[in-house]
Amino acid sequence: MSHVACPLFAGILDEEREFQIEDYEGALARWCSGCGDHAVLAAAQRLLRTEQLAPEKTVFVSGIGCSSRFPHYMKTYGFHGLHGRALPVATGVKLSRPELDVFVVMGDGDCCSIGAGHWIHALRYNVNMTALLLDNAIYGLTKNQTSPTTPEGHRSNTHPRGSILPSLNPLTVSLGVTNASFVAQTAEWIPAHLEATLAAAHRHPGFSFIRILQRCPEFTPHLYEGLLKDPASTELLVHDDGVNLPSLEKIYPTRTLHDPGDLARARSLAEDQGTVRLGGFFRDPSRPQYQEISRPPRRTVAQRISRLNEELDRHAV
Amino acid sequence: MASEATAGPEGTVAVAGPEAGPAVRSVREHTVEIVSDPGEGAQKCAQIFGALSAKMGNGVWTVEIIPAEIQPPPRLPDGASGNRVRIGSGPVTNWGDAANLVVAFNEQVLLRRHRLDALAPDAIVLVEDMWKDHPDEAIRTQWAEAMEELTREASYRIIPVPMEERCLTVVEETRRGKNMFALGILAWIYQRDLELVRAQIAHAFRKKSQEVYDRNVELLDLGYAWADEELDFRIHVPAAPGDEATVVMNGNQALALGAAASGMELCSMYPITPATSVSHYLAEIFESFGGRVHQAEDEIAAAGVAVGASYAGKVAFTVTSGPGVALKTEFLGLAVMAEIPMVLIDVQRGGPSTGLPTKVEQSDLLAAIFGQPGDAPKVVLAPATIEECFHSVVAARRIAEALRCLVIILSDANLATGVQPFPRPDPQEEWFGAAPDLSPVPEGALPYDWNEETGLSERIVPGRAGGMHTVTGLSHDEHSRVAYAAAIHQQSCAMRSRKLAVFQKTLRPPSLYGDEEGDLLVVGWGSTKGAIEEAVDRAREKGLQVSSTHLTFLSPLQPGLGELFGRFDRVMTVEINYSDDLDAPYIDEENRRRGQLAWLLRAQTLVDVDCWTRVYGEPLRPADILDGIRGRLKKGEGT
């Protein structure tokens, strides 16, 4: 391995390496069987392989919750931090090391409840990273409590007679934030769509927000039963600048052409909760990205010392 | 001497004409206060006077007098805004006891300072006299009542000054002009070099137009001329300009400059008084050092961004005050658990809760050390001077990296706005640190490859080939794998704790101020050093066997404390945080809640450490500390 230890070879080796799925596989995933998280993990690993992302230059940041175990199951760098606080950590990583590929994995409690403030501001900062909301509409790790996205009337341990509030709509919230640049929705049970949406998000320059509809086999197993029984009731938003998978046409015949550049229509499509729509809602690659617009120039130690001397002279007696 | 002049009607004195010639009184030190309604510029006047005096070779310490409200109505005692500037022939280390000379823009703000015992009984008081014959009868009455109160007990020498009247000859609106007129008076009294004053005005108003500068200089000259015509005294505080290069700034500027000198490249913050001005200064200069100030959406995010940045690259820092520390608590625990090197600067203010946002307190000590759930060992240090504010940030970054740990710097509101000259730092290359190692990791390297003896391990930042792992706030083994096994948690806790012990072995015992042994040892930390040492000096002059020591490191504590304490009959901390007084109802030795350093020292040394603490929201006065010392010794009355 002595050649690997020499950084001069690192660039050459990168080109020679061809990453396989195994190169992205970390610890064995310990989610329940039937949990949507498995599908997202597989899709992420396939995306990394397709894009041939170097594992050492990729960071998965998560919060706390079932889905936040995600980084442990990847063989990239990972940061399994605090409940609700994945986005600030990911922002710090990207500000410090803009060359790294950063993914954020959050649950609905993480993103939409305890970390909701960070979610709003991350959309506005528009730091170039891919954020996944693994939304199974329930708190799973802490055993069946109502989350902000739990459907009204759904029974949980904290609302045994049914959730009493209308559920929060993560799409309209995201689309309402100034400087949001990419908002999409997909579902764990359509792997091709999930992967295509991840790819579109990853390609997008800026903060890409994907809500992934999921079932929790323990606490919300019947959440999307209707959609699974009748695929035609799912509406796919298709566009060349969004997600467009002709191969899905046979199973998902209900399709709507939607230009993700049309924010007003995106908001109106997101607002209507009578229909579940999957695909790209909004995308604007021209929005300013915080890590770029706030980036300081590089300075050598010699330059810093000279600058410090100048500054000390300003305070000289 | 001016203060010996006979009081005339209403306590004023007949001011001698120029033919008498001013009597020059030479003193080793003098304390000046300039007070006005907020917005009248007393602070600007005092800042210029302080910087100017430092430049002329005087020792200087300035303290802001901050009103309780943002924009109180005019002429309200509570609205008093300004500065105290204490200048001396030698170094000045604290704000002293009482002002010897006051310039007040109205009699109400003057009254406030009088009521706070901020003025020496023989203070010279220069007060704007436009209120005396004001068209509004209520104001005339207030003036008369104030004069009555001011002259009842004290024997101030009150000199009315026609500030408004004179300023109107130059400007149409005096609200922003009187301060420069007052500066002119002070420049005359203290014989300041007018060229330097003008240069300082130019610096202070560098963002304003030439017109503003010209008008200010005109007002300065006007005040100077008035003093020259009307006053019969001048004060001479001999200056001893040393050969050593010196800089002058306040504590928050020193923290900011220290951050720029530390090589850190990210200041992640959320606005909070009195810490924010650190980031104001950094926002001006940091970019030119290759650094960035990130204003986060909240205190928690500010900590999170610093944690993320530190994890991935160069050590980052966050700066806040007590309530912000509370919000950042969970992230601080994570930084400890995941061994992410990071720096937190806490510019302490009065608490609990929102407390006293603009005022000094030293009450975050125990929260800093013990505030996180679980065992969260970290380094906590406290600068005692403006100079130490600068160097503490450079040191903190280096300690954080060397130990792979969290370092908390405890400054406070006294240091934040206090201005003091200090030896010009000589920038060193090693202050800036190196960029993190991005080379492929050696085979078999682990993310927590703890040295079993020392607990130390090398961190592996993202980007290093072969080093992939997931850091976690959960209990983990050396592979950073989640591990709940009893032995692993016990071991990893020991490893994180061991680093502090290793670090403690590199520290020196604190130095002693005064004799090697005696009746009483005073122990302090943070911004109180100058006031404590001045009180110790006075006690020793009166024959009391008192020494003091000042702790820079609070976690881990410096070595040799037990032995040091054993050489004194009694040990007492002096702190600006709350403790029960023993003579208060219900309070006894058993239930008494003590000062925060006293808690710590008692626990660590098993010595019966006493404490004397006050939470007046202002820096401690040496005279009050001296009273505390005497009380503790239960002797010395009448000396």
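Protein chains get the first letters and strands the later ones, always in sequence-line order, with residue 1 at the start of each.
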Exercise. With B:Arg481, which residues qualify under salt bridge (Lys or Arg N to Asp or Glu O under 4.0 Å), at least two apart?
Worked result: B:Asp477
Problem set entry | Side chain B:Arg292, main chain A:Ser294, donor-acceptor under 3.5 Å | yes
Exercise. How would you list, by chain and number, every residue that makes a salt bridge (Lys or Arg N to Asp or Glu O under 4.0 Å) with A:Lys94, sequence neighbours excluded?
Worked result: none
Problem set entry | Side chain / backbone / both / neither for B:Pro447 at chain A, heavy atoms under 4.5 Å | neither
Problem set entry | Side-chain (B:Tyr311) to main-chain (A:Val89) donor-acceptor, under 3.5 angstrom | no
For this session: Check step by step if side-chain contact (heavy atoms from CB on, under 4.5 Å) holds for A:Arg30 and B:Val482.
Result: CA-CA 12 Å; A:Arg30 293 229 190 115; B:Val482 176; over 6 Å; no
Problem set entry | Largest heavy-atom contact set with chain A, pairs under 4.5 Å, which of B:Leu196, B:Leu52, B:Val307, B:Leu334 | B:Leu334
For this session: Could you grab the distance from atom NE2 of B:His469 to atom OG1 of A:Thr76, nearest 0.5 Å is fine?
Result: 10.5 Å
For this session: Side chain from CB out, backbone as N, CA, C, O: work out which of these in A:Val59 comes under 4.5 Å of a heavy atom of chain B, or both, or neither.
Result: side chain
Seminar exercise, completed: To the nearest 0.5 Å, atom CD of A:Glu56 lies from atom CG of B:Leu438 at 10.5 Å
Problem set entry | Close approach to chain B in residues 115-123 of chain A, criterion heavy atom under 4.5 Å | A:Gly117, A:His118, A:His121
Exercise. So which of A:Lys75, A:His80, A:Met74 has the biggest tally of heavy-atom pairs under 4.5 Å with chain B?
Worked result: A:His80
Exercise. Looking at A:Val301, A:Thr91, A:Leu82, which has the largest count of heavy-atom pairs under 4.5 Å with chain B?
Worked result: A:Leu82
Seminar exercise, completed: One should read off an interatomic distance between B:Ser480 OG and A:Phe79 CZ, to the nearest 0.5 angstrom, of 9.5 Å
For this session: Tell me, for B:Ala245 versus chain A, whether the close heavy atoms (under 4.5 Å) come from the side chain, the backbone, both or neither.
Result: neither
For this session: Taking heavy atoms only and a threshold strictly under 4.5 Å, list by residue number the residues of residues 306-317 of chain A that touch chain B; give 'none' if the list is empty.
Result: A:Arg307, A:Leu308, A:Asn309, A:Glu311, A:Leu312, A:Asp313, A:Arg314, A:His315, A:Ala316, A:Val317
Problem set entry | Part of A:Arg295 within contact of chain B (heavy atom distance under 4.5 Å) | both
Problem set entry | Atom group of A:Phe60 that falls short of 4.5 Å from chain B, counting heavy atoms | neither
Exercise. For B:His294, is it the side chain, the backbone, both, or neither that has a heavy atom closer than 4.5 Å to a heavy atom of chain A?
Worked result: both
For this session: Find the distance between NE2 (B:His476) and NE2 (A:His72) and round it off to the nearest 0.5 Å.
Result: 10.0 Å
For this session: Can you measure from OH (A:Tyr77) to CZ (B:Arg464) and round to the nearest 0.5 angstrom?
Result: 7.0 Å
Exercise. Passes side-chain contact (heavy atoms from CB on, under 4.5 Å), B:Trp431 versus A:Arg304? Steps please.
Worked result: CA-CA 11 Å; B:Trp431 288 0; A:Arg304 289 173 203 224; over 6 Å; no
Exercise. Hey, does the side chain of A:Arg97 reach the backbone of B:Pro462 with a donor-acceptor pair shorter than 3.5 angstrom?
Worked result: yes
Exercise. So does B:Glu287 pair up with A:Arg299, basic N to acidic O under 4.0 Å?
Worked result: no
Exercise. Counting only N and O atoms by type, is there a donor-acceptor contact under 3.5 Å from the side chain of B:Thr470 to the main-chain atoms of A:Pro71?
Worked result: yes
Problem set entry | Contacting region of B:Phe331 [heavy-atom separation from chain A under 4.5 Å] | both
